[in-house]
Amino acid sequence: MIIILKSGIGDAEIDDVCRRVTEMGYAPHIIRGEFKTIVAAVGEERGRPDLRLLEALETVESVIPVQQPFKLASREVRQEPTEVRVHDVVIGGKVVVVMAGPCSVESEAQVLEVAGRVKESGAKILRGGAFKPRTSPYAFQGLKEQGLKYLAEARKRTGLPVVTEVLETESVEMVAEYTDILQIGARNIQNFTLLRRVGEMGKPVLLKRGMATSIQEFLLSAEYILAAGNPDVILCERGIRTFETTTRFTLDLNAVPVLKKLSHLPVFVDPSHGTGHWDLVAPMAKGAVACGADGLIIEVHPKPEEALSDGPQSLKPAKFAQLMRELRPVAEAVGRSL
Ligand code: PEP
Ligand code: MN
């Protein structure tokens, strides 16, 4: 249910509504819009009092049900787009934000080189995996904490905030110490314990769609993080599994306008995993920006042929620079900048 408060209501009255919501057994979430403040009351309704009783309060304009199963993530609860701030980078605003870097952090020299090059080309956030979710247990699993240290050093030298994946609940705190954005990978999209845990961390979360995740399931996973008290969720389409095998996954660009219609959360696209081939990254990156993506996450490696993971889909720094130049007019054509 959403409780729409009357205009001009102050903090004390908002607190009073939240207290009543809590007493009725629901969790209140305050959403401050440009014109109105609303309190979203979430929780199981069975056996609890009807929130519509609150319409009797003088401070309440109306109490209306949210139709979608994902409540806090839905446009019904918040019409204005959510902007996620990471230091001076605004995600979900007019500027299309590009995150770039290697699939895996492999050495300090590698990550420092890529960080410098992608920054020069206009990337705003450095990506790099230190804990890698590999299909085979015999494949490179990442440098773990040492990799996080290299990422932190790259951030210190370039000023670029960092996004990196966290695989397990037990390492959330450690990863959060080093990173600016916590990435939840495709394979963990329905690890609900992990989602709750990152929801408690107070750091933005990049939530990647699973390869067999419907839009509704995707938004319900985002809901776990939001319901745990973290409003800063960035959704990321990264390709789904279909019958097609010429590409690694099928990049579902439909998801971009669909998610933007259903949710206020920023939407990113990963054309690297979405295609699996470096020469398909640029066209799909442009397509993603054209259809309304708020940002991109792209794999870049100085020597893709020697990469310890995802070399075939990694761009060399010069190709990444070219893509960034080519993306600018695309962004401008849809009223954005880069
Ligand atoms: C990655 O970003 O390197 C990654 C493993 O992505 P995904 O979870 O989308 O496969
Ligand atoms: Mn990868």
Side-chain angles (χ1 to χ4, degrees), residues 29-38 40 68 70-100 122-127 160-163 179-184 189 195 198-199 201-209 215 218-238 252-271 285-298 324 327-328 330-338:
H29 293 259
I30 302 168
I31 293 147
R32 292 175 203 270
E34 205 180 325
F35 305 108
K36 293 237 151 91
T37 296
I38 69 168
Q68 298 287 7
F70 41 88
K71 309 290 176 191
L72 301 172
S74 98
R75 277 266 179 199
E76 294 171 68
V77 162
R78 185 184 165 92
Q79 268 100 53
E80 298 128 62
T82 282
E83 290 186 352
V84 175
R85 278 158 208 275
V86 187
H87 305 297
D88 58 347
V89 183
V90 179
I91 292 169
K94 188 167 183 280
V95 178
V96 174
V97 172
V98 178
M99 306 175 173
K124 294 287 182 331
I125 291 169
L126 174 66
R127 67 145 287 149
L160 291 178
V162 164
V163 58
T179 195
D180 302 282
I181 304 175
L182 290 160
Q183 176 175 329
I184 298 292
I189 180 91
L195 297 177
V198 296
M201 289 312 294
K203 288 232 162 160
V205 177
L206 179 77
L207 179 65
K208 298 188 86 176
R209 183 183 185 183
I215 297 283
F218 190 13
L219 289 170
L220 282 167
S221 288
E223 188 78 9
Y224 268 89
I225 304 169
L226 300 171
N230 186 345
D232 293 330
V233 177
I234 305 154
L235 304 169
C236 181
E237 161 60 37
R238 49 77 72 210
D252 179 16
L253 286 187
N254 287 352
V256 177
V258 170
L259 288 167
K260 304 277 313 171
K261 188 161 80 178
L262 294 175
S263 176
H264 50 86
L265 296 170
V267 179
F268 268 50
V269 169
D270 174 347
K286 291 175 202 167
V289 172
C291 73
D294 295 298
L296 299 165
I297 179 163
I298 296 177
M324 290 296 279
L327 278 173
R328 284 197 177 95
V330 180
E332 275 158 28
V334 292
R336 315 282 292 257
S337 58
L338 193 80

Would the distance check show the side chain of [X] and the main-chain N or O of [Y] forming a donor-acceptor pair, the cut-off being under 3.5 Å?
X: D270; Y: E237; value: no
X: E76; Y: Q68; value: yes
X: D294; Y: V267; value: yes
X: S221; Y: I189; value: yes

Could you measure the distance from the [atom1] atom of [X] to the [atom2] atom of [Y]? Nearest 0.5 Å is fine.
X: L235; Y: L207; atom1: CG; atom2: CG; result: 6.5 Å
X: I297; Y: F268; atom1: CD1; atom2: CZ; result: 8.0 Å
X: K261; Y: S74; atom1: NZ; atom2: OG; result: 13.5 Å
X: E223; Y: L72; atom1: CD; atom2: CG; result: 4.5 Å
X: Q79; Y: I31; atom1: CD; atom2: CD1; result: 10.5 Å
X: L338; Y: L327; atom1: CG; atom2: CG; result: 5.5 Å

Mind checking what makes ring pair (Phe, Tyr, Trp, His ring centres under 6.0 Å) contact with Y224, not counting sequence neighbours?
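Counting only residues at least two positions away or on another chain, Y224 forms a ring pair (Phe, Tyr, Trp, His ring centres under 6.0 Å) with F192.
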What heavy-atom pair brings [X] and [Y] nearest, and what distance separates the two atoms?
X: A40; Y: V77; value: CB-CG1, 4.2 Å
X: P231; Y: L265; value: O-CD2, 4.2 Å
X: L253; Y: C291; value: O-SG, 4.0 Å
X: D180; Y: H87; value: OD1-NE2, 2.8 Å
X: G202; Y: N230; value: N-ND2, 4.2 Å
X: A73; Y: S263; value: O-OG, 2.7 Å

Side-chain contact, heavy-atom cut-off 4.5 Å: [X] with [Y]?
X: T37; Y: I30; answer: yes
X: I125; Y: L160; answer: no
X: V205; Y: I234; answer: no
X: V163; Y: L126; answer: no
X: V289; Y: V269; answer: no
X: E80; Y: H264; answer: no
X: F70; Y: L226; answer: no
X: L262; Y: R75; answer: no

Between D252 and R209 (salt bridge meaning N to carboxylate O under 4.0 Å), is one present in this structure?
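A salt bridge links D252 with R209.
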Contacts table for residues 90-98: side-chain donor-acceptor under 3.5 angstrom, sequence neighbours left out:
none

Show the numbers, then the answer: is there a side-chain contact (heavy atoms from CB on, under 4.5 Å) between L296 and M99?
CA-CA 6 Å; L296 299 165; M99 306 175 173; over 6 Å; no
Tell me every residue that passes side chain to side chain donor-acceptor pair (under 3.5 Å) with K71, counting only those two or more places apart in sequence or in another chain.
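Listed in chain order: nothing, the list is empty.
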Does the pair R85 and D232 meet the rule for a salt bridge (Lys or Arg N to Asp or Glu O under 4.0 Å), with working shown?
CA-CA 8 Å; R85 278 158 208 275; D232 293 330; over 6 Å; no
I181 vs V162, test: side-chain contact (heavy atoms from CB on, under 4.5 Å). Steps then yes/no.
CA-CA 6 Å; I181 304 175; V162 164; over 6 Å; no
